[in-house]
Amino acid sequence: MSLSSLNNAHHENQHDMVNALLSGVRLKGLEYRRVDISAPFGLRFGEGADKQLAYFHFIGQGSAFLRTRNGTVQQLACGDAVLIPCAGVHDLYSEDHVSLVSIDAFEKVPLCDSTAEISACDLKVCRSRDNFIFSCAMEFDLGWLHPLAHLKPEVMHIETVPNHDPQIPILLDVMTKELMAKRPGYGVILTRLADVVAAAILRRWVETGCNVCGWVEAMRDPKLAQVLSALHRDPGRQWSVADMAIEMGVSRSVFAERFTELTQYTPQQYLGNLRMRLASQWISHDNLSLDDIANRLGYSSTASFSRAFKRMTGIPPGAVRRGVYPE
C-alpha cells in the first residue's frame with residue numbers, strides 16, 4: 001500500500017472515531033435570546049433552572065466578562081463564541097462591581113418559537129456603543145455511559161483560525177450581521193446558526209483535546225487507529241485479543257501492551273465499555289428492544305446481554321429506559 005493510501009486510511013479511521021464519539025451526544029437549543037444592552041451591565045444566567053443546562057454565548061458587538069459558577073473570569077471580545085457544558089449560575093458583565101440582574105427579569109419581545117429579544121439600551125448612549133449578545137440555553141446530553149461525560153472543560157471556545165474550521169469565521173460574521181441588521185426572520189436564522197456553531201465547538205474539542213479513553217493519542221498510531229475503527233464499526237463481532245492483534249499486524253502481547261498503554265483499558269474492557277455505551281444510547285434515545293440490542297452486540301440471548309449490562313453498569317438495562325441512572 002502506498003504512503004498516500006495509508007494516510008487516507010488513517011484519516012478515514014479518525015473520521016470514524018469522531019463520528020462514534022459524537023453519535024451519542026444530544027445538543028438541543030431550548031431558549032434563545034438576543035440581548036441589546038448598554039454598559040454598564042451585569043447579566044446573570046441559569047438561576048432557577050430545574051435541571052443542568054449548557055449555555056452558548058456569542059458577542060456580536062462590544063465585549064463582556066464571563067464569570068463561571070466556579071468563579072473563573074475571562075474576557076470575551078466581539079466575535080467570540082463559547083459553549084459552557086455544565087453552566088449553572090454564571091454571569092456576563094461589562095465591568096467589576098456592577099449590579100447583576102437575572103436575565104429572566106427583563107421584558108422579552110417574542111421573535112419566533114423559543115426566541116425572544118431583550119432591549120435594555122440607554123437612549124442617551126450612541127448606538128455604536130451598544131452591546132449585542134446572543135445567548136442560548138441548551139440541553140447537552142452526553143449520556144451517562146458516554147466517555148466524554150466526566151471530561152468536559154468548564155468553558156469550550158470556538159476556534160476562529162480558518163485552517164481549523166474555515167466555515168466558522170464565516171458563520172460568526174453572518175451571526176454578527178444578523179444581530180445588527182435585524183432583518184425579517186433573523187431570529188430563526190440566528191437560532192440555526194447558534195446550533196451549528198455550538199456543535200462545531202464540541203466537534204473541535206473532540207478532535208483535538210478531549211483525549212477520551214486515550215483515543216487522541218491512540219489515533220496518532222495508524223495501526224492502532226485501524227483496530228479502534230474496526231471495533232466501532234463492528235462492536236457485535238466476537239472479537240478476541242488475537243483478532244485485534246491481527247488487525248493491527250503485530251503480536252498479541254505487543255498489541256495488548258500498546259493498547260492498554262494508550263487507552264488505559266485492556267482491549268476487552270474497551271470493547272465491553274463500547275458495547276454498554278451503545279446499548280445505553282439505543283435504549284434511552286432509539287427505543288430499541290433488548291432483543292434487538294443483544295443481537296446487534298453479539299450476545300447469545302437477551303438474558304446474557306442483561307447480565308453483562310448489569311455487571312458492568314450496576315443497574316439492569318430496563319432501568320435506563322425508565323430514566324434511572326447510577327450515581
Side-chain angles (χ1 to χ4, degrees), residues 29 31-46 54-68 72-84 87 90-112 114-138 155-162 164-201:
E31 186 175 18
Y32 304 83
R33 300 184 182 96
R34 179 195 193 275
V35 181
D36 299 357
I37 197 166
S38 301
F41 65 87
L43 303 174
R44 173 150 287 184
F45 296 84
Y55 271 81
F56 170 82
H57 296 298
F58 171 66
I59 310 299
Q61 180 172 299
S63 63
F65 290 97
L66 167 65
R67 179 167 50 229
T68 66
T72 303
V73 175
Q74 51 193 277
Q75 188 168 20
L76 303 180
C78 179
D80 283 346
V82 294
L83 179 65
I84 312 174
H90 61 287
D91 307 316
L92 288 177
Y93 58 96
S94 60
E95 54 199 76
D96 290 337
H97 310 301
V98 69
S99 297
L100 296 167
V101 180
S102 172
I103 192 69
D104 296 319
F106 290 89
E107 181 179 355
K108 304 178 184 68
V109 176
L111 296 176
C112 58
S114 72
T115 307
E117 183 178 48
I118 294 172
S119 181
C121 296
D122 185 342
L123 298 179
K124 299 177 182 178
V125 174
C126 176
R127 297 284 70 84
S128 65
R129 298 176 60 188
D130 289 343
N131 297 269
F132 296 161
I133 302 169
F134 192 72
S135 294
C136 173
M138 315 184 87
V155 179
M156 297 179 185
H157 291 264
I158 190 62
E159 291 280 1
T160 58
V161 179
H164 292 158
D165 282 297
Q167 74 277 17
I168 295 304
I170 298 172
L171 292 176
L172 295 178
D173 184 55
V174 173
M175 287 189 73
T176 299
K177 291 176 179 177
E178 291 290 338
L179 275 171
M180 298 178 70
K182 299 177 64 174
R183 295 171 60 193
Y186 79 93
V188 174
I189 292 175
L190 281 172
T191 62
R192 301 297 185 268
L193 291 172
D195 290 347
V196 171
V197 173
I201 293 174

Could you grab the distance from atom [atom1] of [X] to atom [atom2] of [Y], nearest 0.5 Å is fine?
{"X": "Glu31", "Y": "Ile103", "atom1": "CD", "atom2": "CD1", "value": "9.0 Å"}
{"X": "Ile118", "Y": "Lys108", "atom1": "CD1", "atom2": "NZ", "value": "5.0 Å"}
{"X": "Thr68", "Y": "Ile84", "atom1": "OG1", "atom2": "CD1", "value": "7.5 Å"}
{"X": "Leu193", "Y": "Thr176", "atom1": "CG", "atom2": "OG1", "value": "10.5 Å"}
{"X": "Ile59", "Y": "Leu76", "atom1": "CD1", "atom2": "CG", "value": "5.0 Å"}

Close side-chain approach of [X] and [Y], heavy atoms under 4.5 Å:
{"X": "Leu43", "Y": "Phe106", "value": "yes"}
{"X": "Val35", "Y": "Leu92", "value": "no"}
{"X": "Met175", "Y": "Leu190", "value": "yes"}
{"X": "Phe45", "Y": "Leu66", "value": "no"}

What do you reckon, is CD of Glu107 surrounded by more than 12 foreign heavy atoms closer than 6.0 Å?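 Result for CD/Glu107: open.
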
Please set out all donor-acceptor pairs under 3.5 angstrom arising from side-chain atoms of residues 178-189, sequence neighbours excluded.
residue : atom : partner : partner atom : Å
Lys182  : NZ   : Glu117  : OE2          : 2.8
Tyr186  : OH   : Glu117  : OE2          : 3.0

Taking all heavy atoms of [X] and all of [Y], pick out the closest pair and write down the distance.
{"X": "Ala81", "Y": "Val197", "value": "CB-CG1, 4.3 Å"}
{"X": "Phe56", "Y": "Ala198", "value": "CD1-CB, 4.1 Å"}
{"X": "Pro166", "Y": "Pro169", "value": "O-CD, 3.4 Å"}
{"X": "Cys136", "Y": "Tyr32", "value": "SG-CE2, 3.3 Å"}
{"X": "Cys78", "Y": "Gly60", "value": "SG-O, 3.4 Å"}
{"X": "Gly42", "Y": "Val98", "value": "CA-CG1, 4.0 Å"}

Does Arg33 offer a backbone N or O that forms a donor-acceptor pair with the side chain of Ser135 under 3.5 Å?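 Pair absent, no side-chain N/O of Ser135 close to backbone of Arg33.
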
Result of checking Leu83, Ile168, Asp80 against Ile158 for side chain to side chain contact (heavy atoms under 4.5 Å, CB included):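 Checked Leu83, Ile168, Asp80 against Ile158; only one passes side chain to side chain contact (heavy atoms under 4.5 Å, CB included): Ile168.
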
On the 0 to 90° scale, with breaks at 30° and 60°, tag the His90-Tyr55 ring pair as parallel, tilted or perpendicular.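 Geometry flag for Tyr55 against His90: perpendicular rings.
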
After noting the C-alpha distance and the side-chain angles of Asp195 and Met138, does the key distance pass the side-chain contact (heavy atoms from CB on, under 4.5 Å) rule? CA-CA 9 Å; Asp195 290 347; Met138 315 184 87; 3.6 Å; yes

Only one of Asp130, Asp122, Asn131 clears side chain to side chain donor-acceptor pair (under 3.5 Å) with Ser38; which?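 Passing option: Asp130.
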
Please assess Leu171 against Phe58 for the test side-chain contact (heavy atoms from CB on, under 4.5 Å), listing each intermediate value before the final yes or no. CA-CA 11 Å; Leu171 292 176; Phe58 171 66; over 6 Å; no

